[in-house]
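Below is one structure, written out as structure tokens; comments come after it.
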Amino acid sequence: QVQLVESGGGLVQSGGSLRLSCAVSRSIFSIFTIGWYRQAPGKQRELVATITSGGRTYYADSVKGRSTISRDNAKNTVYLQMNSLKPEDTAVYYCNKFPSYVSWGQGTQVTVSS
């Protein structure tokens, strides 16, 4: 079954904002830590942020201070609010269970133009 579905990406100018959404199956959402990952062309996938079932958050240095990960328990959704976007944020963004993962989805493309 599809357990995580990403959405909310798009094309924005440098300095703009996006809110990414990850719809998570209840079986995962209620128990596990959820992470946002990204992969830019020619680069390895990297962890961006995580949030535990209890709401504890982690941010990679590259996005710390510019991004906020949150969860809506009523909607089984994890969000990544990204502000002050930079061209180097351009990547396909994925969500998944952390640290172990299930199958990867299609992701959502974030493109930041200079």
Could you tell me the separation between the [atom1] atom of [X] and the [atom2] atom of [Y], rounded to the nearest 0.5 Å?
| X | Y | atom1 | atom2 | value |
| --- | --- | --- | --- | --- |
| S114 | Q13 | OG | CD | 8.0 Å |
| I34 | I51 | CD1 | CD1 | 9.5 Å |
| D72 | C22 | CG | SG | 12.5 Å |
| L18 | L85 | CG | CG | 5.5 Å |
| N76 | I28 | CG | CD1 | 10.5 Å |

Which residues pass the salt bridge (Lys or Arg N to Asp or Glu O under 4.0 Å) test with K64, not counting sequence neighbours?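 Residues passing salt bridge (Lys or Arg N to Asp or Glu O under 4.0 Å) with K64: D61.
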
Are Y79 and L4 connected in a single hydrophobic cluster, I mean Ile/Leu/Val/Met/Phe/Trp/Tyr linked by side-chain heavy atoms less than 4.5 Å apart?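 No, L4 does not connect to Y79 through the hydrophobic network.
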
Sorted by first residue and then second, give each ring pair (Phe, Tyr, Trp, His ring centres under 6.0 Å) pair with at least one member in residues 19-70; sequence neighbours left out.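 Residue pairs with at least one partner in residues 19-70: Y37-W104.
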
Can you name the nearest heavy-atom pair linking A23 to T77, along with the distance?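 For A23 versus T77, the nearest heavy atoms are CA-OG1, 4.3 Å.
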
Might you confirm whether atom CD of Q81 has over 12 heavy atoms from other residues, nucleotides or ligands at distances under 6.0 Å?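 Result for CD/Q81: enclosed.
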
Quick check: do [X] and [Y] have side-chain heavy atoms less than 4.5 Å from each other?
| X | Y | value |
| --- | --- | --- |
| Q109 | L11 | no |
| S53 | I31 | no |
| S17 | V12 | no |

Would you be so kind as to tabulate the donor-acceptor pairs closer than 3.5 Å made by side chains of residues 93-100, with sequence neighbours excluded?
residue, atom, partner, partner atom, Å
Y93, OH, R38, NH1, 2.9
Y93, OH, D89, O, 2.7
N96, OD1, V102, N, 3.0
N96, ND2, V102, O, 3.0
K97, NZ, S100, O, 3.2
K97, NZ, S100, OG, 2.7

Suppose the criterion is salt bridge (charged side-chain N to carboxylate O under 4.0 Å, His left out): which pairs have a residue in residues 5-29, not counting sequence neighbours?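 Output for this query is empty, none listed.
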
Just to verify, what does T52 make a side chain to side chain contact (heavy atoms under 4.5 Å, CB included) with, not counting sequence neighbours?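 Testing T52 for side chain to side chain contact (heavy atoms under 4.5 Å, CB included), a comparison that skips the adjacent residues, returns T33, R56.
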
Test of understanding: with side chain to side chain contact (heavy atoms under 4.5 Å, CB included), list the residues that count as partners of S14, not counting sequence neighbours.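 S14 satisfies side chain to side chain contact (heavy atoms under 4.5 Å, CB included) with P87, V112 once adjacent residues are dropped.
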
